[in-house]
Undergrad: 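I am attaching a structure below and will ask some questions about it afterwards.
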Amino acid sequence: MTHLGCSLLSCGVVDDRHFEMEDYQGAIARWCPGCGDHSILTAMQRLLEEEQLKPEETVFVSGIGCSSRFPHYMKTYGFHGLHGRALPVATGIKLERPDLHVFVTMGDGDCCSIGAGHWIHAVRYNVDMVALLLDNNMYGLTKGQTSPTTPATFPSNTQPYGSYLQPLNPLTATLGVTNASFVAQTAEWIPAHLFETLKAAYHHKGFAFVRILQRCPVYTESIYQDAVRQPDVIEMLIHDDGIHIPDLDEIYKNQIIHDPGNLDEARRLAEPFDRFRLGIFYRNEKRPRYEDLRRLPVRTAEEKVELLNEELDRYAV
Ligand code: SF4
């Protein structure tokens with residue numbers, strides 16, 4: 001860690017720490033070679049470095065799945081929880097410690113299946129955090145079962161003749177929830193777009209939902225193969241209030257000018273299509289946030305202990 005900048009802490013001590021990438025790097029990632037999760041991890045560590053987030057004020061929360069190993073690979077606080085339960089844990093953390101930067105990583109099984117109820121209500125509560133859906137269209141950790149986002153007819157260990165159902169669309173599902181305030185989609189194989197999307201989500205005040213198209217070379221290699229090899233399969237949503245990376249214009253020539261403030265258009269663009277659309281679909285910082293609405297008094301740790309003891313005394317015999 002180098003020491004460059006400085007700021008005055010409330011206790012009067014000067015905090016002159018400057019963080020490098022290595023200050024955010026935890027354990028060596030054990031994902032498969034070629035797994036898209038590696039590039040998402042790197043993009044996230046880059047974001048923390050650029051924003052100079054203090055590791056002790058940053059927390060990653062996950063459920064169960066390949067992507068849920070994420071907190072182990074960050075040198076921040078982390079909570080590797082139960083399957084589908086990352087969002088209620090993260091909500092509790094943020095409500096109790098609004099000063100923390102809260103990030104959630106979920107897989108498609110974790111978020112869209114067992115955690116779907118929590119997902120819908122987290123969008124409605126609109127608590128300030130970044131929620132990432134790392135979507136490889138399959139249960140990877142448990143060795144290849146059909147997930148809610150597996151494309152119809154795509155074979156898996158549980159449906160070897162192909163998935164019976166049409167996949168759930170995480171974008172239209174999120175955009176359909178009352179109080180949705182930020183919905184974006186990016187792809188892990190386009191690092192510049194991935195980084196800018198994470199950055200926009202981090203700066204959003206409210207619940208920022210980002211679906212990241214993620215390659216899984218073990219179970220779903222063919223799903224994103226065309227999108228990786230043929231840039232024409234991708235359509236970039238661009239706008240002054242959205243994401244526009246001029247350096248990518250030469251590669252990704254299919255572009256749609258989309259104002260992220262237009263919810264109806266966002267829903268239309270998020271509908272299933274034979275191309276992958278990347279960018280910010282919707283952003284509205286005027287949506288109410290649960291932490292502002294409930295207005296609980298801020299209490300010190302001593303006051304909380306005192307209140308807890310008072311409650312326990314009520315049951316004294
Ligand atoms: Fe990544 Fe797929 Fe391997 Fe899981 S099984 S670590 S998603 S490549």
Side-chain angles (χ1 to χ4, degrees), residues 24-47 60-76 78-87 103-116 119 130-160 162-163 167-171 184-191 193-195 197-198 209-229 276 278:
Y24 301 106
Q25 290 166 347
I28 304 282
R30 291 173 54 204
W31 292 307
C32 306
C35 176
D37 288 351
H38 291 286
S39 70
I40 300 167
L41 180 68
T42 302
M44 185 55 79
Q45 289 165 345
R46 271 188 64 209
L47 175 73
F60 281 80
V61 184
S62 67
I64 296 294
C66 293
S67 57
S68 289
R69 293 175 182 272
F70 216 94
H72 298 274
Y73 307 145
M74 298 295 301
K75 208 189 282 177
T76 62
F79 192 108
H80 189 173
L82 298 174
H83 199 200
R85 313 298 177 216
L87 287 169
F103 296 85
V104 180
T105 55
M106 303 171 284
D108 37 299
D110 201 38
C111 173
C112 306
S113 186
I114 190 170
W119 167 33
V130 175
L132 305 178
L133 166 57
L134 283 61
D135 194 352
N136 68 339
N137 310 100
M138 186 69 68
Y139 286 85
L141 188 73
T142 46
K143 308 290 178 249
Q145 294 85 20
T146 298
S147 91
T149 63
T150 304
T153 76
F154 193 90
S156 72
N157 288 338
T158 43
Q159 297 180 0
S163 174
L168 182 153
N169 182 331
L171 298 176
Q185 178 160 270
T186 184
E188 49 76 15
W189 62 88
I190 311 175
H193 195 272
L194 171 65
F195 180 78
T197 308
L198 295 182
F209 179 83
V210 181
R211 181 194 188 199
I212 305 176
L213 307 181
Q214 181 233 312
R215 289 169 295 175
C216 169
V218 177
Y219 296 112
T220 55
E221 186 173 20
S222 62
I223 290 179
Y224 297 128
Q225 218 162 38
D226 284 352
V228 174
R229 294 177 181 168
F276 296 101
L278 307 183

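Quick caveat, the model's predicted, so the values are computed rather than measured. FYI, the numbering just counts along the sequence from 1. Counting starts at 1 for both ligands and their atoms, in listed order.
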Undergrad: Mind checking whether Tyr73 and Phe60 have ring centres under 6.0 Å apart?
TA: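 They do not qualify: ring centres at least 6.0 Å apart.
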
Undergrad: Which residue owns the protein heavy atom closest to atom 3 (Fe) of ligand 1, what's the atom, and how far is it?
TA: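 Answer for atom 3 (Fe) of ligand 1: Cys32 SG, 2.3 Å.
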
Undergrad: Please examine the side chains of Leu213 and Phe276, heavy atoms only from C-beta on, and report whether any two atoms are closer than 4.5 Å.
TA: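 Contact flag for Phe276/Leu213 side chains = yes.
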
Undergrad: Can you tell me if an N/O/S atom from Cys35 lies under 2.8 Å from atom 4 (Fe) of ligand 1?
TA: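 Coordinating: no.
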
Undergrad: Quick one: does Gln214 get within less than 4.0 Å of ligand 1, heavy atoms only?
TA: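 Flag set, Gln214 near ligand 1.
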
Undergrad: As an exercise, identify every atom of ligand 1 less than 4.0 angstrom from a heavy atom of Trp31.
TA: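 The atoms of ligand 1 under 4.0 Å from a heavy atom of Trp31 are 6 (S).
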
Undergrad: Please write down residue, atom name and distance for the protein heavy atom closest to atom 2 (Fe) of ligand 1.
TA: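 Of the protein heavy atoms, Cys216 SG, 2.3 Å lies nearest.
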
Undergrad: Considering the heavy atoms of Tyr219, write down every atom of ligand 1 situated less than 4.0 Å from one of them.
TA: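 Close to Tyr219: 5 (S).
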
Undergrad: Once rounded to the nearest 0.5 Å, what's the spacing between atom OG1 of Thr186 and atom NE2 of His193?
TA: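 Rounded to the nearest 0.5 Å, the OG1-NE2 separation comes to 5.0 Å.
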
Undergrad: Can you pull out the closest protein heavy atom to atom 7 (S) of ligand 1? Residue, atom name and distance to 0.1 Å, please.
TA: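 Looking only at protein heavy atoms, the one closest to atom 7 (S) of ligand 1 is Asn136 ND2, 3.3 Å.
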
Undergrad: Rounded to the nearest 0.5 Å, what's the gap from CZ on Arg211 to CD on Gln185? Could you check?
TA: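 Rounded to the nearest 0.5 Å, the CZ-CD separation comes to 5.0 Å.
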
Undergrad: Side chains of Asp108 and Leu133: does their closest heavy-atom pair fall under 4.5 Å?
TA: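 Side chain of Asp108 against side chain of Leu133, heavy atoms only: contact under 4.5 Å found.
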
Undergrad: Between Tyr139 and Thr158, does a side chain to side chain donor-acceptor pair (under 3.5 Å) hold up when you go through it step by step?
TA: CA-CA 10 Å; Tyr139 286 85; Thr158 43; over 6 Å; no

Undergrad: Just to be sure I read this right, does ligand 1 sit under 4.0 Å from the backbone of Cys66, its side chain, both, or neither, counting only heavy atoms?
TA: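 For Cys66, the contact with ligand 1 is made by the side chain alone.
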
